[in-house]
Amino acid sequence: MANAPDPIGARRARLEALRERGVDPFSATRFEVTAHAADLSVRYADLTSGPPAEDAPEWALAGRIMSVRGQGKVIFADLADRTASFQLFIRLDNLSAEAFEVFRELERGDIIGARGPVFRTKAGELSLSVTGFEVLAKSLQPLPDKWHGLQDVEKRYRRRYVDLIVNRPVLDVMIARSRIIAEMRRFIDAHGFFEVETPTLVTVAGGAAARPFLTHSNALDIPLSLRIATELYLKRLIVGGMERVYEIGRIWRNEGIDRTHNPEFTMLELYAAFWNVRDMMSFNEDLMAHLARSVHGSETALYRGDAISFATPFRRLGYLEAFEEYGGLSRDQLLDADACHHLLHDFGIPESPSHSHALDKLFERIVEPHLIQPTFVYGYPVVLSPLAKRMKDDPLLTERYELFAANMELANAFTELNDPDDQRRRFELQAIEKAAGDHEVPPPDWDFVTALEYGLPPTAGIGIGIDRLVMMLTGNESIRDVLLFPLQRPLPPGDDDEAEAEEQT
RNA sequence: GCACCGCUAGCUCAAUGGUAGAGCAGUUGACUCUUAAUCAAUUGGUUCCCGGUUCAAGUCCGGGGCGGUGCACCA
């Protein structure tokens with residue numbers, strides 16, 4: 001213990017050394033930042049090598065020291081802020097001897113603010129010639145390898161903050177996610193929608209087919225679920241006369257976890273009175289194209305080696321036509337429950353508990369693999385769509401589409417069913433499926449039927465999984481890589497971390 | 001839930017069943033234009049855990065933990 005190398009102990013010793021020089025790294029409360037690294041790189045892109053001009057303006061940068069290259073009476077350091085990193089040039093001649101000694105006590109990971117003019121070194125690197133600096137926080141933990149960063153996937157998820165520090169592309173993805181959502185709001189707001197917030201704690205988790213998380217209210221002493229969709233509440237607001245509403249919110253589904261599923265995820269749901277599914281389709285493709293352009297920089301996103309073009313208009317493909325085209329299957333085979341189960345057998349797919357389930361499995365197998373470029377698949381069978389309005393000239397199908405790209409479902413939209421009697425019958429039918437063993441079928445929400453009885457205007461609605469959209473636009477193939485803190489099983493007790501028993505000096 | 005793969009120093013990775021190693025980080029020193037700085041010296045291990053086989057286990061076997069991928073599940 002006496003001679004064992006101890007990186008954290010060494011850093012604590014450095015902390016004491018700073019304090020002995022009258023610098024307490026944890027006493028600073030603010031620092032006036034006047035520039036970010038990326039801004040300076042652009043502003044001084046054409047600067048030629050040489051010492052800074054007499055009248056060169058001083059800038060103040062703040063961030064984390066990512067590397068230090070000491071060279072006697074000159075020190076080079078890289079300071080990273082949220083935009084990029086920028087080289088600091090510290091020379092004894094430009095500072096007091098005391099300040100220079102303080103800088104020599106700093107190390108990789110520490111957070112400082114630095115002031116000085118920008119110049120370009122002989123080696124051609126744009127740099128801040130430091131005339132003054134403040135220590136803003138000391139890092140007591142050693143950072144991972146400066147070249148390889150943090151590779152261990154598990155550690156990256158569990159300690160995302162370290163991942164963000166040392167793996168710049170991760171920070172870029174998370175910033176892109178933030179911008180995608182912000183840009184989405186801007187676009188939607190510009191079309192006259194109100195953003196609303198509906199309950200996440202509900203007594204009936206409806207609006208989708210999924211198993212909910214269960215919880216309990218102490219005050220009311222009743223069981224509660226976390227919502228699995230926002231749909232039924234948002235449509236109540238259309239009944240209430242809000243006309244155009246949307247919610248970007250967290251949804252919880254107590255189901256499997258894999259590359260494309262996290263138990264909590266973010267969904268946009270949006271409803272517009274007096275629109276039908278065709279109106280929604282064009283709104284949908286305009287939104288996608290806009291996001292791709294403004295956030296991704298181009299209408300084309302590279303995903304799994306495919307160049308996905310979000311240039312409008314997207315391809316339109318009928319649901320039944322798709323089966324005909326890719327599998328040679330007929331309408332009669334698909335819309336008949338018994339024939340459909342035979343098809344499952346023909347394709348070697350395990351038994352399904354219901355007609356709707358069977359259709360989904362078949363679609364997944366036969367059609368989905370072909371949907372690379374953005375495609376609206378429209379005209380879903382009514383058995384698959386308990387909340388969608390039937391087609392006027394084909395009552396077995398609904399005015400519903402799903403948007404696919406790169407074999408992933410990106411959006412689901414339909415003209416909303418507003419006939420309360422039809423809605424009631426479909427809920428009753430679902431109740432039978434639930435009784436037959438389909439766990440994912442939600443319990444009927446009878447108050448929703450009552451709401452429809454007050455009168456829901458013709459309305460189109462859409463749901464877009466934000467996480468998968470971000471995956472698509474940032475080229476990530478795992479949902480965990482677009483979530484800041486994906487759910488991880490907790491480590492066994494004691495395995496958690498070093499339990500630092502050091503107290504004495 | 002099932003299958004496969006992974007887990008070795010703070011980080012990235014080595015090690016035909018035969019003394020656990022390297023680079024980076026750390027520590028000490030030198031250096032006034034470096035940028036994976038360089039040079040010299042140097043520290044560092046419950047090989048995820050428990051048990052077994054063996055003269056000998058990081059390595060083989062059994063059980064467990066955590067993670068990743070695939071399948072199942074998830075309209």
Side-chain angles (χ1 to χ4, degrees), chain A residues 2-11 13-14 49-51 66-78 85-94 100 107-109 119-127 129 141-158 162 166 208-211 228-229 253-263 265 349-350 352-364 368 380-381 383-388 400 402 409 412 430 433 438-442 463 477-478 480 486 488-496 498:
Chain A
N3 289 326
D6 171 13
I8 295 173
R11 284 177 172 258
R14 279 266 169 81
S49 290
M66 294 308 292
S67 85
V68 183
R69 297 176 291 282
Q71 178 132 359
K73 298 185 178 61
V74 171
I75 302 170
F76 294 89
D78 296 323
S85 83
F86 205 82
Q87 180 167 275
L88 303 182
F89 178 78
I90 300 93
R91 180 155 63 177
L92 179 57
D93 302 352
N94 298 342
F100 190 81
E107 56 197 323
R108 176 171 150 83
F119 76 111
R120 195 178 289 279
T121 63
K122 287 174 189 168
E125 181 80 12
L126 221 45
S127 309
S129 178
Q141 293 278 355
L143 288 177
D145 193 287
K146 68 180 170 190
W147 186 242
H148 298 97
L150 185 64
Q151 301 294 325
D152 186 290
V153 185
E154 183 177 349
K155 269 183 194 134
R156 288 184 44 227
Y157 296 154
R158 288 191 195 276
V162 180
V166 298
R211 287 201 240 184
I228 57 171
R253 295 187 181 175
N254 203 346
E255 291 168 349
I257 301 177
D258 62 28
R259 227 162 36 83
T260 55
H261 297 83
N262 194 65
F265 61 101
I349 302 170
S352 283
S354 63
H355 188 193
S356 56
H357 190 266
L359 280 173
D360 273 326
K361 291 290 127 190
L362 285 169
F363 188 87
E364 210 171 274
E368 219 174 275
Y380 275 67
V383 290
L384 276 182
S385 317
L387 299 162
R400 173 186 174 198
E402 289 198 355
E409 179 195 331
N412 176 25
Q430 279 194 310
E433 283 193 342
D438 199 337
H439 294 288
E440 284 75 31
V441 176
E477 290 178 26
S478 170
R480 298 184 199 94
Q488 298 278 293
R489 190 184 289 276
L491 293 173
D495 204 28
D496 205 348
E498 62 279 343

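Quick note: numbers below take in every heavy atom, side chains included, and nothing from hydrogens, waters or symmetry partners. Every chain is numbered from 1 and lettered A, B, ... according to where its sequence line falls, protein lines coming before strand lines.
Side-chain contact check for A:P386 versus A:Q430: some heavy-atom pair is nearer than 4.5 Å. Annotation: side chain of A:E364 is not in contact with side chain of A:I349 (no heavy-atom distance under 4.5 Å). Side chains of A:R11 and A:P142 form a contact here, defined as non-hydrogen atoms less than 4.5 Å apart. In this structure, A:N254 and A:P263 have side chains that are not in contact, with every pair of non-hydrogen atoms separated by 4.5 Å or more. Inter-residue side-chain proximity for A:H148 and A:V166 is flagged as unmet; no heavy-atom pair is nearer than 4.5 Å.
Put simply, A:R91 has no side-chain N or O that comes within less than 4.0 Å of OP1 or OP2 on B:U32. Applying the 4.0 Å criterion to OP1 and OP2 of B:G65, one finds that A:R489 has every side-chain N and O outside that range. Under 4.0 angstrom from either OP1 or OP2 of B:U27 there lies at least one side-chain N or O belonging to A:R14.
With P as the reference atom, B:G26 and B:G63 are 44 Å apart, rounded to whole Å. Atom P of B:G62 sits at a distance of 11 Å from the matching atom of B:C4, rounded to the whole Å. Distance noted for atom C1' between B:U59 and B:G10: 25 Å (whole Å). Comparing the C1' positions of B:C50 and B:C66 gives a spacing of 16 Å, expressed to the nearest Å. B:U12 and B:U8: their C1' atoms are spaced 12 Å apart (whole Å). Rounded to whole Å, the separation between the P atoms of B:C48 and B:C7 comes to 8 Å. B:A20 sits 13 Å from B:G45 when the P atoms are compared, rounded to a whole Å. Here, B:G17 and B:G23 have their P atoms 25 Å apart, quoted to the whole Å.
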Review point. Are A:R69 and A:D78 close enough, and set up right, to give a salt bridge (charged side-chain N to carboxylate O under 4.0 Å, His left out), and what steps lead you there?
Key: CA-CA 9 Å; A:R69 297 176 291 282; A:D78 296 323; 3.1 Å; yes
Exercise for review: Could you go through the side chain to side chain contact (heavy atoms under 4.5 Å, CB included) check for A:Q151 and A:D145 one step at a time?
Suggested key: CA-CA 10 Å; A:Q151 301 294 325; A:D145 193 287; over 6 Å; no
Atom pairs, protein N/O to nucleotides 3-11 of chain B N/O, distance under 3.5 Å:
residue : atom : partner : partner atom : Å
B:C11   : OP1  : A:K155  : NZ           : 2.7
B:C11   : O2'  : A:D145  : N            : 3.1
B:C11   : O2'  : A:G149  : O            : 3.0
B:C11   : O2   : A:D145  : OD2          : 3.2

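The CG atom of A:D93 sits 13 Å away from the C1' atom of B:C33 (whole-angstrom rounding). What separates CG of A:L126 from P of B:U34 is a distance of 16 Å, to the nearest Å. Between A:K122 atom NZ and B:C33 atom P the separation is 6 Å, expressed in whole Å. If you take CD of A:Q87 and P of B:A36, they are 10 Å apart, rounded to a whole angstrom. Atom CH2 in A:W147 sits roughly 15 Å away from atom C1' in B:A25 (whole-Å rounding). If you take CD of A:E107 and C1' of B:G26, they are 9 Å apart, rounded to a whole angstrom. Between A:L491 atom CG and B:G65 atom P the separation is 13 Å, expressed in whole Å.
Here B:U34 is the nucleotide among B:U34, B:U28, B:C66 with the atom lying nearest to any side-chain atom of A:Q71. Distances from the side chain of A:A10 to the nucleotides B:U32, B:C33, B:G26 place B:G26 closest.
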Revision key, fill the gap. Under a 4.0 Å heavy-atom criterion, the protein footprint on nucleotides 69-75 of chain B, written with B, S and -, is SS--BBB
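For A:E368, there are no side chain to side chain donor-acceptor pair (under 3.5 Å) partners at least two apart in sequence or on another chain. Listed by chain and number, the residues in a side chain to side chain donor-acceptor pair (under 3.5 Å) with A:E154 are A:R158 (sequence neighbours excluded). Residues that satisfy the side chain to side chain donor-acceptor pair (under 3.5 Å) test with A:D152, not counting sequence neighbours, are absent from this structure.
Checking side-chain atoms of A:S49 against main-chain N and O of A:T121 turns up a donor-acceptor pair under 3.5 Å.
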Practice item. Toss me the dot-bracket line for RNA chain B: Watson-Crick and G-U wobble, both under 3.5 Å, 5' to 3', using | for pairs to another strand and [ ] for crossers. Key: (((((((..((((....[..)))).(((((.......))))).....(((((..]....))))))))))))....
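Note on A:D78: nothing from the nucleic acid sits closer than 4.0 angstrom, heavy atoms only.
Below 30°, between 30° and 60°, or above 60°: for A:F363 and A:Y380 the angle between ring planes is between 30° and 60°, a tilted geometry.
Using modelled atom types and a 3.5 Å distance limit, the side chains of A:H261 and A:D258 yield a donor-acceptor pair.
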